[in-house]
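Single-structure report; data block below.
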Protein chains: 2
Amino acid sequence: MDVRQRIGWNLRRLRKEREISQEDFATDSGFDRGYISGVERGVRNPSVLVLERIAVALGVDVAELLDAQLATRFAASAIRLC
Amino acid sequence: MDVRQRIGWNLRRLRKEREISQEDFATDSGFDRGYISGVERGVRNPSVLVLERIAVALGVDVAELLDAQLATRFAASAIRLC
DNA sequence: TTGTGACTGCGAGTCCGTC
DNA sequence: GGACGGACTCGCAGTCACA
């Protein structure tokens, strides 16, 4: 799985856990809503500074955004649920 | 510690473990030597796609480049050794 | 062998909108 | 609520010469 998709699924997972919308998270993290959408879908290529801002907004460590296992699991269950 | 410094120390640590120069690693990973130098010193802000290329060239997972503990330890010992 | 400043092209990141 | 588009700005990717 691509790093961008890994990050995307992890971001979506952690955001959903907190039960907030992309718009609310965008304002929290100080990013554009459309940009957050792109990151979640894995079409954007964020820099590590962006990653840090996202991690801080989520209250987790940057490394957690790159966790392959959790991303894969969440992606699989998300596909099953839809 | 800044994410960029974390990545920098981890890259330097893993590269030194393999006993190769910045120049050799640059050719291996397909980057410019000056750019690698900047990433190691934490003055560059690489994108996640760059991170993946570096990780592949090192033969490790991207998450390992963001490991805070190993980076801090190596940085401390490096300062002690110099 | 590595650090560093300066440079250009292009993509990251923003703001508007529609569906 | 979220996907997706266009147009825009600014900063990063990638390179080189020199210390």
Side-chain angles (χ1 to χ4, degrees), chain A residues 2-58 62 65-66 71 74-82, chain B residues 1-58 62 65-66 71 74-75 77-82:
Chain A
D2 189 346
V3 209
R4 293 173 298 178
Q5 295 179 344
R6 246 198 242 189
I7 294 164
W9 284 114
N10 278 323
L11 168 54
R12 181 161 293 181
R13 177 175 60 83
L14 293 161
R15 181 176 61 80
K16 291 280 186 185
E17 280 177 11
R18 283 148 185 75
E19 294 180 344
I20 54 177
S21 64
Q22 284 184 351
E23 185 148 18
D24 284 344
F25 180 72
T27 48
D28 285 354
S29 54
F31 284 107
D32 186 66
R33 192 182 57 77
Y35 185 63
I36 295 295
S37 169
V39 173
E40 285 195 359
R41 282 175 290 127
V43 298
R44 288 289 187 156
N45 178 25
S47 71
V48 295
L49 248 25
V50 167
L51 240 55
E52 188 168 53
R53 281 173 62 187
I54 290 177
V56 168
L58 287 168
V62 196
L65 288 173
L66 291 169
F74 183 72
S77 64
I79 291 164
R80 217 186 308 126
L81 289 170
C82 297
Chain B
M1 168 146 40
D2 189 347
V3 209
R4 292 172 299 177
Q5 294 178 345
R6 245 199 245 191
I7 294 164
W9 283 115
N10 278 323
L11 168 53
R12 183 161 293 183
R13 178 176 59 84
L14 293 161
R15 180 177 62 79
K16 291 280 186 186
E17 279 179 11
R18 284 150 185 74
E19 293 179 346
I20 53 178
S21 64
Q22 284 184 352
E23 184 148 17
D24 284 343
F25 180 73
T27 48
D28 285 354
S29 54
F31 285 107
D32 185 68
R33 191 187 55 77
Y35 185 64
I36 296 295
S37 169
V39 173
E40 284 195 0
R41 283 174 295 123
V43 297
R44 289 286 189 154
N45 179 23
S47 71
V48 295
L49 249 23
V50 167
L51 240 54
E52 189 168 51
R53 281 173 62 188
I54 290 177
V56 168
L58 287 168
V62 195
L65 288 173
L66 292 168
F74 183 71
S77 64
I79 289 163
R80 218 186 307 127
L81 288 171
C82 297

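Just so it is clear: chains get the letters A, B, ... in the order the sequence lines come, proteins before strands, and each one is counted from 1. Given the structure is predicted, the values throughout are model-derived calculations rather than measurements.
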**Prompt:** Can you tell which of C:dT2, D:dA13, D:dC12 lies closest to the side chain of B:Asn45?
**Reply:** D:dC12
**Complete:** Between CG of B:Leu51 and P of D:dC12 the distance, given in whole Å, is 15 Å
**Request:** Give a yes/no answer on whether the side chain of A:Arg44 brings an N or O atom under 4.0 Å of OP1 or OP2 in C:dT14.
**Result:** no
**Request:** In whole angstrom, give the distance that lies between atom CG of A:Leu49 and atom C1' of D:dG11.
**Result:** 11 Å
**Whole-Å distance separating the CG atom of A:Asp32 from the C1' atom of D:dG1** = 15 Å
**Message:** Check this one for me: any side-chain N or O of B:Tyr35 less than 4.0 Å away from OP1 or OP2 of D:dA13?
**Reply:** yes
**Mate of C:dC7 where both pairing distances stay under 3.5 Å, Watson-Crick or G-U** = D:dG14
**Request:** Let me know the distance between CD1 of B:Ile36 and P of D:dG14, rounded to the nearest Å.
**Result:** 10 Å
**Message:** Check the phosphate of C:dG5 against B:Arg41, side-chain N and O only, distance under 4.0 Å to OP1 or OP2. Yes or no?
**Reply:** no
**Request:** Output yes when a side-chain donor or acceptor of A:Arg41 lies under 3.5 Å from a complementary backbone atom of A:Ser37, and no otherwise.
**Result:** yes
**Request:** For B:Phe31 and D:dT15, give me the distance from atom CZ to atom C1', rounded to whole Å.
**Result:** 13 Å
**Closest nucleotide among C:dT2, C:dA12, D:dG14 to the B:Ser21 side chain** = C:dT2
**Prompt:** Using a cut-off of less than 4.0 Å, is there contact between a side-chain N or O of B:Ser37 and OP1 or OP2 of C:dT2?
**Reply:** no
**Request:** Kindly indicate whether the side chain of A:Arg33 and the base of D:dG1 share any N or O donor-acceptor pair separated by less than 3.5 Å?
**Result:** no
**Message:** Cation-pi check for B:Phe31 against B:Arg53: NZ or CZ below 6.0 Å from the six-membered ring centre and within 45 degrees of the axis, yes or no?
**Reply:** yes
**Asked** Looking for any heavy atom pair under 4.0 Å, which part of the strands does B:Arg4 touch: base, sugar-phosphate only, or nothing?
**Response** nothing
**Item:** B:Arg4 (side chain) donor-acceptor with B:Asn45 (main chain) under 3.5 angstrom
**Value:** no
**Request:** Name the nucleic acid region contacted by A:Val50, choosing base, sugar-phosphate or nothing; use a 4.0 angstrom heavy-atom cut-off, strictly under.
**Result:** sugar-phosphate
**Complete:** Separation of D:dA17 atom C1' from B:Glu23 atom CD, nearest Å, is 14 Å
**Asked** How would you label the contact of A:Gly38 with the nucleic acid (heavy atoms, under 4.0 Å): base, sugar-phosphate, or nothing?
**Response** nothing
**Message:** If we ignore hydrogens and angles and just use 3.5 Å, is the side chain of B:Arg33 paired with the main-chain N or O of B:Gln22 as donor and acceptor?
**Reply:** no
**Request:** Ignoring backbone atoms, establish whether A:Lys16 has a side-chain N or O less than 4.0 Å from OP1 or OP2 of D:dG1.
**Result:** no
**Asked** Taking only N and O in the side chain of B:Arg12, is any of them less than 4.0 Å away from OP1 or OP2 of C:dG3?
**Response** yes
**Prompt:** For DNA chain C, whose closest nucleotide is more 5', that of B:Glu40 or that of A:Ser47?
**Reply:** B:Glu40
**Item:** Residue that, paired with B:Leu14, satisfies side chain to side chain contact (heavy atoms under 4.5 Å, CB included) out of B:Leu58, B:Ile54, B:Ile20
**Value:** B:Leu58
